[in-house]
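Let me begin by presenting the structure, written as structure tokens, before commenting on it.
Since the structure is predicted, the reported quantities are computational estimates derived from the model, not experimental observations. Reminder, nothing fancy here: chain letters follow the sequence lines and each chain counts from 1.
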Amino acid sequence: MFGQLPQQLEIGFPPSAEMGHFAVGCFPLAKQFHKSPAEIAQLIADRLKPDTVIEQVTAAGPYVNLKIDSEVLFGDLCRRIIHQDAAYGTSDAGRDKRVMVEYLAPNTNKPLHLGHLRNGALGMAVSSMFEATGHRVVKANLVNDRGVHICKSMLAWQRWGNGTTPESEGIKGDHFVGNYYVRYSRETEKDHRLEDEVQQMLQQWEAGDPQTVKLWKMMNGWVYDGFTATYRRFGLEFDVFYYESDTYKLGKDVIQQGIENKVFSTDSNGNTVFVLPEEAFGRDKSAELKKVTVLRPDGTSLYISQDIGTAILKINDHNLDYSIYVVGSEQEYHFKCLFLILEALGYAWARNCYHLSYGMVYLPEGKMKSREGKIVDADDLLTEMIKLAEAEIRQRDPEGRLSENEIKNRSEVIGVGAVKFYLLRVRPAQSINFDPAESISFDGFTGPYCQYAYARICGILEKTHWPRQADADVDYSLLGNMEELQLLQQLSRLPGELKKAVEDFNPSKIAVYIFNTAKAFNQFYNKHPVLKAENEQLVNARLGLIRATAVVLKKGLNLIGVEVLENM
RNA sequence: GCGCCUGUAGCUCAGCUGGAUAGAGCAACGGACUUCUAAUCCGUAGGCCGCAGGUUCGAAUCCUGCCAGGCGUACCA
């Protein structure tokens, strides 16, 4: 279409569709021809003669705005979208590349909370985005199933559980265990000797004491039952689980090798340490180079030692090209060190490890603290949202036409979609101030708003037989009003937005894009009838346009893990 | 002290690889349902883009300094 224009020029959109369908900024040519961008734009506009495709060329300041023949403009894109369907916007840019997305990493001593939901929503969205760009994605969950915190719940249950189980009490397993974690925290304030007992239990666990291991397995089993239910409800999927109980001793061999190769050194306390480069880390309070300990003097490992081992394990297990860690921003320092150490150890792939860091979720009262019970529980929040959605659905169905099953299904899709969208609509680096009132809203920049636009389209398509005639015979040249143009322009953006979202590891780009697309549709919908358009030809053309819109909305929402409904 | 992140409308945020008059949502006010789903749409109002310099034809965007908030700063995970 623009073969006649120099290639370095970028094609964008004018601020208003009235000005033209495409805009070409002439800035790059200014230097080359020693003329102002505006002069060049005028020159091009004068030279470029309209033809069958390009209907009008106008210079507007430094831009050349082009108007394109409607049949080409609309027909091209709508036909392509409808034809490609779910493949629209995808690419094979990452073909043959294997990428692991590690996310969630829950502890098995308490239920999931709002922070986990943000992590999970991000993990799933990023995975989908990478899949949509042709990557082979392995979704991994590194379960933190051992350690002193797990023993706390275990000890409390042993002491005060009286042999009860989640079944006997009718409580979801993870919540059941979490209650004992809270119980431990309460009791230990009164009786500090419990702390010694917990340490003892941890030692017994590490020694493989059968009783302790049995208790551990049983209680973790309860937690997994609970987690599995929440995963299913929130739409979290994993291809592989790593358990810290299997991996916590990893890394020692590599570190030993690193010592021999002088990657690590020993400090005055006998710790095995890695000295951090000054350029990236500066110096500490006493003006010394900063260090990170990778082994204690007694040879026991630390968080980072395990992570070194696990990183290598993951690469070897799955032959990865990229390894992504979805972990909160408070661990940026840790991952910076980890990747640096891996590189120092000679692993070239360390450069292909990424920490997808995301900001905290703050509550109105402050940061979430599980021990103080000041958290937003994941299950509670989802239940609450689903209930609100249900109330809305029932209000819209006063005659009670919907089956209970249908109401349940819709409530879940809407409620869960609202939570995911709320957590994904801001970029990951941004911390979220969790506003309960705003989070439960279904109006405006929300998931349900986007789902609603999709459902409205389905409502129209349901009432007709699409295509009413052969797709090729639809006369798209009839389209071209402002709302149609703006909607079309939005539809054309998906591939580019997906590409940017993947490059930045930023699902919020998709969320924003989908919202804008839904809005463009609603604006069109409110102003122009589809089925009752002036004539049959126009009806068909508009049906094509909204059919394409439905494809884009569904695709975009699915990319960020939000499901769609044909009726709302 | 050092490192990273953040600062844009009353509130929550887009925009940040420099380009057309800085955009949305919420909240406020006013309008549109005998018309394909009003979970919608239209309108009004609301901005020294933290501050000060610099680079540039052009800066919310890049650079420097400062101010404010958050996170982290090995021997917890």
Counting the benzene-type ring for Trp, do [X] and [Y] have ring centres under 6.0 Å apart?
{"X": "A:Tyr454", "Y": "A:Phe521", "answer": "no"}
{"X": "A:Tyr103", "Y": "A:Tyr358", "answer": "no"}
{"X": "A:Phe445", "Y": "A:Tyr449", "answer": "no"}
{"X": "A:Tyr243", "Y": "A:Trp216", "answer": "no"}

Identify whether any heavy atom of [X] sits under 4.0 Å from a base atom; if not, whether one sits that close to sugar-phosphate; answer base, sugar-phosphate or nothing.
{"X": "A:Ala453", "answer": "nothing"}
{"X": "A:Asn522", "answer": "sugar-phosphate"}
{"X": "A:His355", "answer": "nothing"}
{"X": "A:Asn65", "answer": "base"}
{"X": "A:Asn433", "answer": "sugar-phosphate"}
{"X": "A:Phe515", "answer": "sugar-phosphate"}
{"X": "A:Glu244", "answer": "sugar-phosphate"}
{"X": "A:Phe442", "answer": "base"}
{"X": "A:Val426", "answer": "sugar-phosphate"}
{"X": "A:Gln523", "answer": "sugar-phosphate"}
{"X": "A:Lys509", "answer": "sugar-phosphate"}
{"X": "A:Ile546", "answer": "nothing"}
{"X": "A:Glu566", "answer": "base"}

Residue-phosphate contact under 4.0 Å: [X] side-chain N/O, [N] OP1/OP2:
{"X": "A:Tyr452", "N": "B:rA39", "answer": "yes"}
{"X": "A:Arg394", "N": "B:rA39", "answer": "no"}
{"X": "A:Gln430", "N": "B:rU12", "answer": "no"}
{"X": "A:Tyr454", "N": "B:rU37", "answer": "no"}
{"X": "A:Arg146", "N": "B:rA77", "answer": "no"}
{"X": "A:Asn516", "N": "B:rG25", "answer": "no"}
{"X": "A:Lys463", "N": "B:rU37", "answer": "yes"}

Could you state the [atom1]-[atom2] distance from [X] to [N], rounded to the nearest angstrom?
{"X": "A:Gln486", "N": "B:rC41", "atom1": "CD", "atom2": "C1'", "result": "14 Å"}
{"X": "A:Ile460", "N": "B:rC36", "atom1": "CD1", "atom2": "C1'", "result": "5 Å"}
{"X": "A:Tyr422", "N": "B:rC26", "atom1": "OH", "atom2": "P", "result": "14 Å"}
{"X": "A:Tyr525", "N": "B:rA32", "atom1": "OH", "atom2": "P", "result": "19 Å"}
{"X": "A:Lys532", "N": "B:rU34", "atom1": "NZ", "atom2": "P", "result": "13 Å"}
{"X": "A:Leu461", "N": "B:rU37", "atom1": "CG", "atom2": "C1'", "result": "13 Å"}
{"X": "A:Ile304", "N": "B:rC75", "atom1": "CD1", "atom2": "P", "result": "10 Å"}
{"X": "A:Arg427", "N": "B:rC16", "atom1": "CZ", "atom2": "C1'", "result": "8 Å"}

Check: Checking A:Lys314 against A:Tyr325: charged group under 6.0 Å from the ring centre and within 45 degrees of the axis?
Finding: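 Checked: cation-pi criterion met.
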Looking at A:Tyr248, I'd like to know if the NZ or CZ of A:Arg146 sits under 6.0 Å from its six-membered ring centre while staying within 45 degrees of the ring's axis.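 The answer is yes, since A:Arg146 meets both limits relative to A:Tyr248.
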| message | Would A:Tyr449 count as stacking on B:rA39 if stacking means ring centres less than 5.5 angstrom apart and planes tilted under 30 degrees? | response |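 Stacking between A:Tyr449 and B:rA39: absent.
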Distance check, [atom1] atoms only: [N] and [M], in whole angstrom units.
{"N": "B:rA60", "M": "B:rG18", "atom1": "C1'", "result": "10 Å"}
{"N": "B:rU55", "M": "B:rU64", "atom1": "P", "result": "15 Å"}
{"N": "B:rU44", "M": "B:rA27", "atom1": "C1'", "result": "15 Å"}

Within the modelled atom types, does a donor on one side and an acceptor on the other bring the side chain of A:Asn526 and the base of B:rC41 under 3.5 Å apart?
->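 Absent.
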### Task
Give a yes or no on whether a donor-acceptor pair under 3.5 Å exists between the nucleobase atoms of B:rA39, that is its base, and the side chain of A:Arg396.
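Pair found.
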With respect to the side chain of [X], which nucleotide from [options] is positioned closest?
{"X": "A:Ile414", "options": "B:rA39, B:rC5, B:rG70", "value": "B:rA39"}
{"X": "A:Val512", "options": "B:rU37, B:rA14, B:rC71", "value": "B:rA14"}
{"X": "A:Lys519", "options": "B:rC76, B:rG1, B:rC41", "value": "B:rC41"}
{"X": "A:Tyr333", "options": "B:rC75, B:rU40, B:rU73", "value": "B:rU73"}
{"X": "A:Lys291", "options": "B:rA74, B:rU6, B:rU37", "value": "B:rA74"}
{"X": "A:Leu302", "options": "B:rA38, B:rC76, B:rC36", "value": "B:rC76"}

A:Tyr63 vs A:Ala518, nearer the 5' end of RNA chain B by closest nucleotide: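 First, find each residue's nearest nucleotide; the 5'-ward one identifies A:Tyr63.
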Next item on the list: Starting from the 5' end of RNA chain B, give me the residue, A:Arg425 or A:Ser441, whose nearest nucleotide shows up first.
Entry: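 Closest to the 5' end, via its nearest nucleotide, is A:Arg425.
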* Provide the Watson-Crick or G-U wobble partner of B:rG3, both distances under 3.5 Å; none if there is no partner. =>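 The base-pairing partner of B:rG3, which may sit in any strand shown, is B:rC71.
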Search all heavy atoms of A:Pro428 against all heavy atoms of A:Pro507 and return the closest pair with its distance.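 Minimum heavy-atom separation between A:Pro428 and A:Pro507: CG-CD, 4.3 Å.
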